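This report concerns only the one structure given below.
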Amino acid sequence: MIDEDDLLLEEFTQGKSSIPSEKNPGEEDEDQLDDEIQDWGSFLKASNIQISGLTPQSHIVPKRGDKGFEPTANNYDNLLLQNKRDIMYATIGNSSRGHHHKNHVEAFWSADASSNEGEEQYAVVPKPKGSAFNSMGIPSSQRHIFLNFEEILYLVERGSVDCYLIGNTKDASEQKALPMNLQMCYSAFLKSSEDYDMFYVYSYLKRYGYVVRRATEDIKRPPTVNNKKRGPGLSTTFWNIMFKKPLLTVGSIFYKLLGAPLLAVLPKLRVLLSRYSWSTLYESLYATSYGTVLDYENFKAVDTSKFKIVYNLWKPNNHQKANTPPDFQVIIVNTNLTSLPTVDEIKSIFKKCYDHDRILIAILDNGMLNFIKPTSSNVGGKNAYLEGIKKQLKRKRNNNKSNSNRGGRSNKGSRGGKGRK
Amino acid sequence: MSKFNKKRLLSIYKNPLPIDLIYDNDITFVIPQVVAHNPVSWIFFASSYLKNCLEISGQLINNTGKVHQSIDNSSQKIVVKVSDHDVFKVEIEIGTPESDAIKLWKNGFFGKGILSRSEPTWYERTERRLHLKDQYSEKDLTSEEITALRRNERKKFKQLRESYENQQLELERQISAIIDRQKIVSTKKEMLEMENDLKRIQRELEDLKLLSQQNQDFRAFQSSHKVKLYEYAGPLRPDDNALIINDPTISDKDKRKLMQLEYLQLMPVEAFFLQLALDKVKVFPETTGSNELSTLELFQRCVDSYYSSTTPMSRLAGNEKFLLDYAVYHHYRSHGWCVRSGVKFGVDFLLYEKGPPISHAQYCLHVVENSGKNMEDFVEYSSLNRVIGGVRKTLVFVCVDVPSVSTFQKIMEKIAIEKDITEQQKLWKKLLNQYNITEMVYRRWVPSRNRD
């Protein structure tokens with residue numbers, strides 16, 4: 001008699017067993033894209049490696065958090081998992097890794113410690129190859145490329161570049177160069193925890209495909225387009241001169257002659273007026289002053305040296321021209337060293353930066369990286385109740401209009417409206 | 001059980017504040033737009049404006065139509081009692097449809113019923129639970145009861161599903177037992193018997209599977225099973241019995257009446273707002289024979305309610321938590337928001353556009369003093385943001401600029417001396433004007449979702 005588990009294993013390894021797929025490609029949430037499980041089976045298939053007992057079938061390992069998923073009495077799920085693991089190890093262990101000779105790129109890092117304190121050291125790539133250098137490094141006149149420490153470290157870590165340490169800069173010959181392993185690179189390139197933070201943020205964003213560059217120069221603010229520059233239209237001017245101004249003057253005279261003394265004499269009338277409608281009532285209640293973080297024009301800036309803009313960020317497909325303004329600008333905050341910027345600091349940053357809508361704060365909290373974007377909400381700037389009524393009114397008006405417009409036509413439109421509700 | 005009809009709700013909770021407007025015509029007062037270069041629109045404008053003015057003045061003079069209320073409303077002030085432990089209580093009268101507490105709730109959603117989720121409904125619910133009142137329709141059910149009913153239904157649904165599953169497992173076990181036994185029996189007769197058994201059980205299993213398939217849909221279950229809310233109808237428990245007033249003069253069983261244990265509790269900021277801004281309440285200390293608290297006394301009481309000991313007025317610095325909270329509360333209330341406590345989500349206030357029964361709160365306000373000191377550490381911010389993001393709301397940091405101590409004290413001294421109420425009001429307003437409110441939102445930015 002065959003044990004049930006054995007039977008299952010047999011079925012499984014022969015690829016007969018079918019577990020209903022939980023994945024529905026159309027419904028996949030964006031959230032799930034982040035924790036998608038690497039399918040090593042397809043790698044194994046692609047690399048044509050034959051290992052006895054392992055068949056690269058794409059079985060679905062149940063995802064965590066599936067409701068109603070409970071372990072059954074047999075070890076069926078363990079078998080599935082073990083098989084997946086075996087495939088992964090087989091793929092990694094048996095495929096050949098390395099550079100193609102043609103794409104081999106070398107970089108040189110000078111060990112000369114006498115370079116001036118505070119001056120940045122660069123790695124030199126004499127013969128840059130590949131598209132990676134389109135968006136990295138500083139090109140020199142001799143077609144060399146200079147890479148700063150996070151760029152070279154990122155490339156070495158990716159395995160795209162071999163880095164060599166050279167001794168004396170004067171007669172730098174490639175023969176004397178010492179190949180550097182990753183550990184050496186880390187210790188040579190990263191000199192402080194700030195450097196490490198920078199590298200962490202850089203490589204994180206780079207891996208998502210962003211073009212990341214040091215923000216060395218201040219980008220000029222675009223000249224603000226003044227909408228009010230154009231004078232009012234002819235009809236409005238006419239209206240203002242002929243009616244608005246006289247009306248206002250007449251109104252103010254009336255108010256001075258009759259209204260003001262009346263209001264002063266009859267405080268009860270004032271109560272009456274404030275109780276006349278919600279808008280007047282609310283007006284009588286306004287007392288506090290209000291602003292958002294975007295009111296920075298006349299703000300006296302505070303010291304924001306803690307929050308320097310470190311990187312300019314372009315979206316992956318938005319870096320065609322050299323002088324495209326960056327899509328985002330990144331400030332790095334290490335929570336062990338600095339706290340989050342206060343409102344005043346945010347306002348000062350906004351005041352100085354290129355565009356307040358492009359500022360990101362990269363928050364490093366003991367190795368966890370999060371990005372936040374300071375914005376304004378303007379919740380308290382408008383009157384929620386009166387706005388709601390205005391909206392209601394507008395809807396009413398539109399309804400009336402569409403009703404009268406429609407006239408004898410079929411009620412197709414109204415049906416559509418109902419459907420939306 | 002569906003949610004309440006929104007239109008009906010809007011007609012119940014029409015007013016944003018417990019104020020009776022003299023002429024409440026915000027919605028019907030429609031003036032056509034004026035287009036400057038179109039003289040015809042002027043005529044339209046003028047005619048409708050005149051018409052409206054005539055209408056209003058006519059109503060004001062005749063005191064008919066939509067005019068609800070005289071100017072003097074001091075007689076209608078709501079009585080608030082404050083206990084020794086700074087609990088602001090509003091009694092809920094039984095039997096009157098518009099008692100003071102209900103009025104505060106319906107017009108602007110002030111306070112919380114201490115035995116209810118928010119709207120004070122304990123009395124109605126308990127009446128139904130104890131079967132003192134058995135005639136009610138689905139429309140009368142309170143939100144707590146609707147939730148309970150829904151949970152009850154779900155529980156029943158799951159019980160049924162589980163029973164099907166258990167039956168299925170049992171049948172499957174029987175099948176495997178028979179298969180096992182088949183291997184050891186030798187006689188043909190026994191074999192045949194087992195074959196038959198197997199077939200029978202398999203048929204049963206098929207039927208069961210069909211049945212449980214039909215029960216997969218919760219909606220179908222809802223329509224076919226009527227779940228009752230208060231199923232227990234036996235004798236009352238002693239503690240329930242203690243809730244009923246047994247009037248010895250009336251022996252009739254139907255006349256048994258429930259005691260009212262619930263009251264509406266106001267937050268200190270709510271009580272102070274109702275007194276200072278709306279002049280709608282009278283606050284009395286709970287100890288008998290005490291006089292009504294003046295605005296200044298109430299202020300002192302509210303400030304103290306945040307601390308364990310009292311601080312004399314001259315020692316206040318102007319940045320006390322109550323003052324920050326009140327400035328923020330006043331600001332958003334005066335801007336038409338319905339502001340309620342945000343303690344459920346770890347923040348200071350929640351902002352509702354209309355109110356809790358009508359829509360979910362959109363914003364959570366976290367009040368901080370803008371003092372040049374550091375912000376919260378990131379962990380605190382992040383946990384708050386995650387909790388609030390999880391309930392689909394936006395976390396807003398409300399930073400309050402505080403006046404200097406000397407400015408604050410100067411105004412407070414003036415308020416203390418001022419006897420004239422309108423002048424005092426002006427001074428309070430001036431004080432509030434010293435508090436500047438700045439909003440800021442930190443949104444989470446995810447690299448994988450902003451690539452294009």
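Quick caveat, the model's predicted, so the values are computed rather than measured. Quick note: numbers below take in every heavy atom, side chains included, and nothing from hydrogens, waters or symmetry partners. In what follows, every chain begins at residue 1, and chains take the letters A, B, ... in the order their sequences are listed.
- The main-chain N or O of Thr288(A) is never found under 3.5 Å from a side-chain atom of Asn433(B) such that the two would form a donor-acceptor pair.
- Here Thr375(A) is the residue among Ile346(A), Ile363(A), Thr375(A), Asn378(A) with the most heavy-atom pairs under 4.5 Å with chain B.
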Please walk me through it: do Trp278(A) and Ile19(B) pass side chain to side chain contact (heavy atoms under 4.5 Å, CB included)?
CA-CA 9 Å; Trp278(A) 288 116; Ile19(B) 296 281; 4.1 Å; yes
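- Of the two parts of Lys347(A), only the side chain, counted from C-beta on, holds a non-hydrogen atom closer than 4.5 Å to a non-hydrogen atom of chain B.
- For chain A, the option among Ser382(B), Cys338(B), Gly336(B) with the highest count of heavy-atom pairs below 4.5 Å is Gly336(B).
- Taking each heavy atom of Gly291(A) and Asn436(B) in turn, the nearest pair found is N-OD1, 4.2 Å.
- To the nearest 0.5 angstrom, Glu369(B) atom CD is 12.0 Å from Thr342(A) atom OG1.
- Evaluation of the side chain to side chain donor-acceptor pair (under 3.5 Å) rule for His335(B) yields no partner, not counting sequence neighbours.
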The test is side chain to side chain contact (heavy atoms under 4.5 Å, CB included); show your working for Leu285(A) and Phe273(B) and say whether it passes.
CA-CA 10 Å; Leu285(A) 286 180; Phe273(B) 180 77; 4.3 Å; yes
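- Counting all heavy atoms, side chain and backbone alike, Met440(B) lies closest to Val343(A) at CE-CG2, 3.6 Å.
- Note: Leu17(B) leads Val328(B), Thr394(B), Leu17(B) in heavy-atom pairs under 4.5 Å with chain A.
- Distance check: Gln425(B) CD to Ser284(A) OG gives 9.5 Å after rounding to the nearest 0.5 Å.
- With hydrogens and angles ignored, the 3.5 Å screen pairs a side-chain donor or acceptor of His331(B) with a backbone N or O of Gly380(A).
- Counting heavy-atom pairs closer than 4.5 Å to chain A, the top-ranked of the candidates Trp337(B), Trp428(B), Tyr435(B) is Trp337(B).
- Atom CD1 of Ile421(B) sits in a sparse spot, with 12 or fewer heavy atoms from other residues, nucleotides or ligands closer than 6.0 Å.
- Looking at Phe378(B) and Asn370(A), their side chains come closer than 4.5 Å, going by heavy atoms from C-beta outward.
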Take Asn450(B) and Phe371(A) through the test side chain to side chain contact (heavy atoms under 4.5 Å, CB included) and record every step on the way to the result.
CA-CA 12 Å; Asn450(B) 287 282; Phe371(A) 290 93; over 6 Å; no
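- For the residue pair Ser376(A) and Val441(B), the shortest heavy atom distance occurs at C-CG2, 4.4 Å.
- Of all non-hydrogen atoms in Tyr282(A) and Ser334(B), the two that sit nearest each other are CD2-O, 3.2 Å.
- Remark: Tyr442(B) OH to Leu340(A) CG distance equals 5.0 Å, nearest 0.5 Å.
- Gln362(B) is not listed as a side-chain neighbour of Val379(A), based on a closest heavy-atom distance of 4.5 Å or more.
- The parts of Tyr290(A) that come within reach of chain B are both its backbone and its side chain, each placing non-hydrogen atoms under 4.5 angstrom from that chain.
- The closest donor-acceptor contact from the side chain of Arg451(B) to the backbone of Tyr208(A) lies under 3.5 Å.
- Taking CZ of Arg333(B) as the start and OH of Tyr385(A) as the end, the distance is 13.0 Å to the nearest 0.5 Å.
- Proximity of Ile372(A) to Tyr381(B): side-chain heavy atoms (C-beta onward) are separated by under 4.5 Å at one or more points.
- Only the side chain of Thr335(A) comes within contact range of chain B, with heavy atoms under 4.5 Å apart.
- Residues meeting the salt bridge (Lys or Arg N to Asp or Glu O under 4.0 Å) test with Glu165(B), sequence neighbours left out: none.
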